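One structure below.
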Amino acid sequence: MATTPHQHASADDPRVLLDDHMGLYEPIPPYPPRTEREQEFYTLGDGEMFLNAGPHHLATHGVLRVVMKLDGERIVDVDPVLGYLHRGVEKLCENADFHQTIAYMDPLEYVASLFCEWPAVMAYEKLLDVEVPRRAEYIRVLTGELNRVSSHLLAMGFHALDLGGITPILYSFIERDEIVEMLAAITGQRMLFNYFRIGGVNGDLNHDFMSRLGDWMSRAGQQVAANAALLNENEIFVQRNRGVGTMDRVTAIKHCWTGPNLRASGVPFDLRRAHPYSVYPELDFDIPTRAEGDSLARYLLRIDEVKQSLRIIDQCLHQMPDGPVMAKLPRLLRPRPGRAFAAIEGPRGEYGIYAVSDGTDQPFRFRIHDPSFLHLQSFTTLAPGGLIADWMTLNASLDPIMGGIDK
Amino acid sequence: MDRALKARLEARFGDVLSGPLRQRHDETEIRIAARDVPDVLRALHDEPAFEFQLLADLAGVDTGDHMQVVYHLWSSTSSDWLRVIADDLSREAPRAPSVTFLWTGAEWLEREAYDMFGIRFEGNRDLRRIFMPPDYTSFPLRKDFFLPDDAARSPGAGSRHMERSAPPSAVPAGTVRRSKA
């Protein structure tokens, strides 16, 4: 180890890596505080200590570091440190042509990839004034809802896993694997589908997909209910979740929350109804809400949403029209100069894209809005006062995905 | 397009709009000066005619000759997204008022805009870098930041990229904080 404990940490300085590699993960940063908030956080009171959770921690759902200020086992304050997964996707997209950017969208939301592609193609379609064929819209909704189910099942499984229950994740993976396999049958990919195209989707539904979907739909409702029964009546699980990380509705709106987390705080806000897009106005489904706003409510709300998604899938299969799945578009797109914003309701909340075109074949500005980023921010409000173990619960129930947070 | 919203916006904010009000698809767009942001957004948030209570997005934009902060708002009183563009930030020292007094959640969105564009949000209590390392000195999404030459179509093709971090010697002596542990 180095004799000088805190070099000025810089990626350019090889000594940091060679001599003082532990210093990189020292909770107290090796530079003067930049803001009052940082000064306040990194000043220890009587009997307080720092604890690093991450960047490589099983319960952080990605490469996230959370510095906790502790008094015994109680959290006094937290400071999430981001950027370990930062790839500069917005910059890459501003240097790629419109078709290429869609491939960059998938890894942002690696659990539910379609929901990051969707607002991007919607924003481009607005820039280009393209009408998407109705069959393509139905296919988008169908595959999107399947992806939402798989994402929520995974969130439920990992929620239990973070609290020490191994079994539910194995059961949720059985269902998730079925969904992933059927999506792979039409997209060719199990995880990063890259399926949506500007003006439609990459390919029509095929026999393999339809037969798998039919098989699965016949037992999906039962299976989801059986999985949920593993946890809903599990005394340990319920006790560890109830009353943890309670968010009231006013604060949730102030914190810019969206998605299941906001609805679990009692706000019936769902972009599929609040700002309808695609063919959702033609579909019949409910928006479940819960009043409690705690971790248990967020978990239960996801189960309710899975049931609604199954309803939507069923209706899509019955109402899907025939026709083309792609609009006629030139291969090289040069939208007229303009601005477009598109947002959709993903499994974690509102994904938005703000795209600015300057008339060339590359977006001039490409802004990605990710809901997990804002949910993660609320750690600083929700975690203090709880135990370290409650932080695991909180993190699992907020269900952030680091790919989208770090961009 | 929500024509009624256009009329309401022009009646209420006609004197502070710095550019034409545009409507396209499901979006309504107004432009204001950065100094008017707190008043306009507070009015949009609070007044019963607007009630834009959800901040859907906050983005920095570098247009190449000036900077912008772009707010997207949602309201139950309109079927449109409202885009508010604060339009006149200088590229040399971009400054804008913070909206954290309305939306606590804007804190990190503004940190991100600061990290990527160097826009200083006055009133944000925690304006430090969020994705890039703390000793990083450039602002990557600015248009004068070129990608390295492996991006063959980028404006920086063939030139070295502009990433620079502060050398250790640039840190004043005595300011390095030490851990108690």
Side-chain angles (χ1 to χ4, degrees), chain A residues 5-13 26-38 42 44 49-50 82-83 86 88 90-92 94-97 126 251 253-258 269 274-275 338-341 343 350 352 354 356 362 364-365 367 369 373-374 376-378 381 406-407, chain B residues 22 24-27 29 53-63 70 72 74 76 79 81 83 85 102-109 112 116 124-135 140-141 145 147 151 153-155 165-172 175-181:
Chain A
H6 294 114
Q7 298 287 340
H8 181 68
S10 159
D12 294 342
D13 186 355
E26 196 76 37
I28 298 186
Y31 44 79
R34 293 154 291 171
T35 59
E36 280 174 27
R37 156 80 184 148
E38 196 179 19
Y42 287 103
L44 283 175
M49 62 171 279
F50 286 122
L82 310 182
H86 182 61
E90 291 181 5
K91 190 75 176 175
L92 292 172
E94 285 165 21
N95 288 278
D97 83 25
K126 282 189 193 177
T251 320
I253 295 171
K254 292 264 176 229
H255 281 235
C256 304
W257 277 22
T258 43
F269 176 81
H275 191 101
R339 294 164 292 281
F341 178 75
E350 173 221 325
Y354 175 49
V356 180
Q362 298 172 340
F364 180 75
R365 172 79 175 102
R367 156 80 187 162
H369 179 91
F373 186 68
L374 294 151
L376 187 70
Q377 177 174 222
S378 301
T381 311
D406 275 351
K407 298 189 185 150
Chain B
R22 289 203 178 87
R24 192 181 174 195
H25 298 292
D26 56 348
E27 294 158 39
E29 174 185 298
Q53 295 193 337
L54 196 99
L55 178 67
D57 188 28
L58 188 157
V61 174
D62 179 8
T63 64
V70 181
H72 284 96
W74 179 89
S76 58
S79 58
W81 294 105
R83 172 158 59 239
I85 302 183
L102 284 175
W103 293 284
T104 325
E107 186 176 309
W108 275 21
L109 295 169
E112 189 188 345
M116 294 292 139
N124 187 318
R125 63 171 187 151
D126 196 21
L127 199 68
R128 51 187 158 127
R129 288 197 173 268
I130 191 162
F131 294 143
M132 305 308 283
D135 56 350
L141 282 179
F145 183 102
L147 286 181
R153 286 153 57 83
S154 81
S165 6
S169 59
V171 178
T175 54
V176 175
R177 196 133 45 95
R178 290 177 201 286
S179 152
K180 258 195 210 171

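Chain letters run A, B, ... following the sequence lines, proteins first, then strands; residues in each count from 1. Since the structure is predicted, the reported quantities are computational estimates derived from the model, not experimental observations.
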#### Entry: From Leu374(A) atom CG to Leu109(B) atom CG, the distance as rounded to the nearest 0.5 Å
5.0 Å

## Note on the structure
Rounded to the nearest 0.5 Å, the CG atom of Leu58(B) sits from the CD atom of Glu107(B) at a distance of 12.5 Å

### Query
Given that the side chain runs from C-beta out, which part of Asp26(B) has a heavy atom under 4.5 Å from chain A: side chain, backbone, both or neither?
both

### Message
Quick check against the 3.5 Å criterion: does Thr35(A) have a side-chain atom that pairs as donor or acceptor with the backbone of Glu38(A)?
### Response
yes

#### Entry: Portion of Phe269(A) that has a non-hydrogen atom of chain B nearer than 4.5 angstrom
side chain

### Task
Check whether Leu102(B) gets within reach of chain A through its side chain, its backbone, both or neither, counting any heavy atom under 4.5 Å.
backbone

#### Entry: Under 4.5 Å from a heavy atom of chain B, the part of His86(A) involved
side chain

### Task
Could you tell me the separation between the CG atom of Leu82(A) and the CH2 atom of Trp108(B), rounded to the nearest 0.5 Å?
4.5 Å

### Region of Pro140(B) that comes under 4.5 Å of a non-hydrogen atom in chain A
backbone

### Query
Looking at Cys256(A), Gly88(A), Gly338(A), Gly352(A), which has the largest count of heavy-atom pairs under 4.5 Å with chain B?
Cys256(A)

### Query
So Thr104(B) and Gln377(A), side chain to side chain contact (heavy atoms under 4.5 Å, CB included) or not? Walk me through it.
CA-CA 10 Å; Thr104(B) 325; Gln377(A) 177 174 222; over 6 Å; no

### Summary
Of the listed Glu36(A), Glu90(A), Met49(A), the one with the largest count of heavy-atom pairs under 4.5 Å with chain B is Glu90(A)

### Message
Please identify, among Arg24(B), Arg125(B), His72(B), the residue contributing the most non-hydrogen atom pairs under 4.5 Å to chain A.
### Response
His72(B)

### Task
Report the distance from atom NE2 of His275(A) to atom CG of Leu54(B), rounding to the nearest 0.5 Å.
12.0 Å

### Summary
Turns out that what part of Glu350(A) lies under 4.5 Å from chain B's heavy atoms comes down to side chain

### Message
Shorter than 4.5 Å, heavy atoms on both sides: which option in Lys407(A), Arg365(A), His255(A) has the most such pairs with chain B?
### Response
Arg365(A)

## Note on the structure
CE of Met132(B) to CE of Met116(B), rounded to nearest 0.5 Å, is 6.0 Å

#### Entry: chain A contact via Glu29(B) - which portion, at a heavy-atom distance below 4.5 Å
side chain

### From CZ (Phe341(A)) to CH2 (Trp74(B)), nearest 0.5 Å
13.0 Å

### Message
Just so I understand: if I count every heavy-atom pair under 4.5 Å between each of Thr381(A), Ile253(A), Asp406(A), Thr251(A) and chain B, which residue has the most?
### Response
Asp406(A)

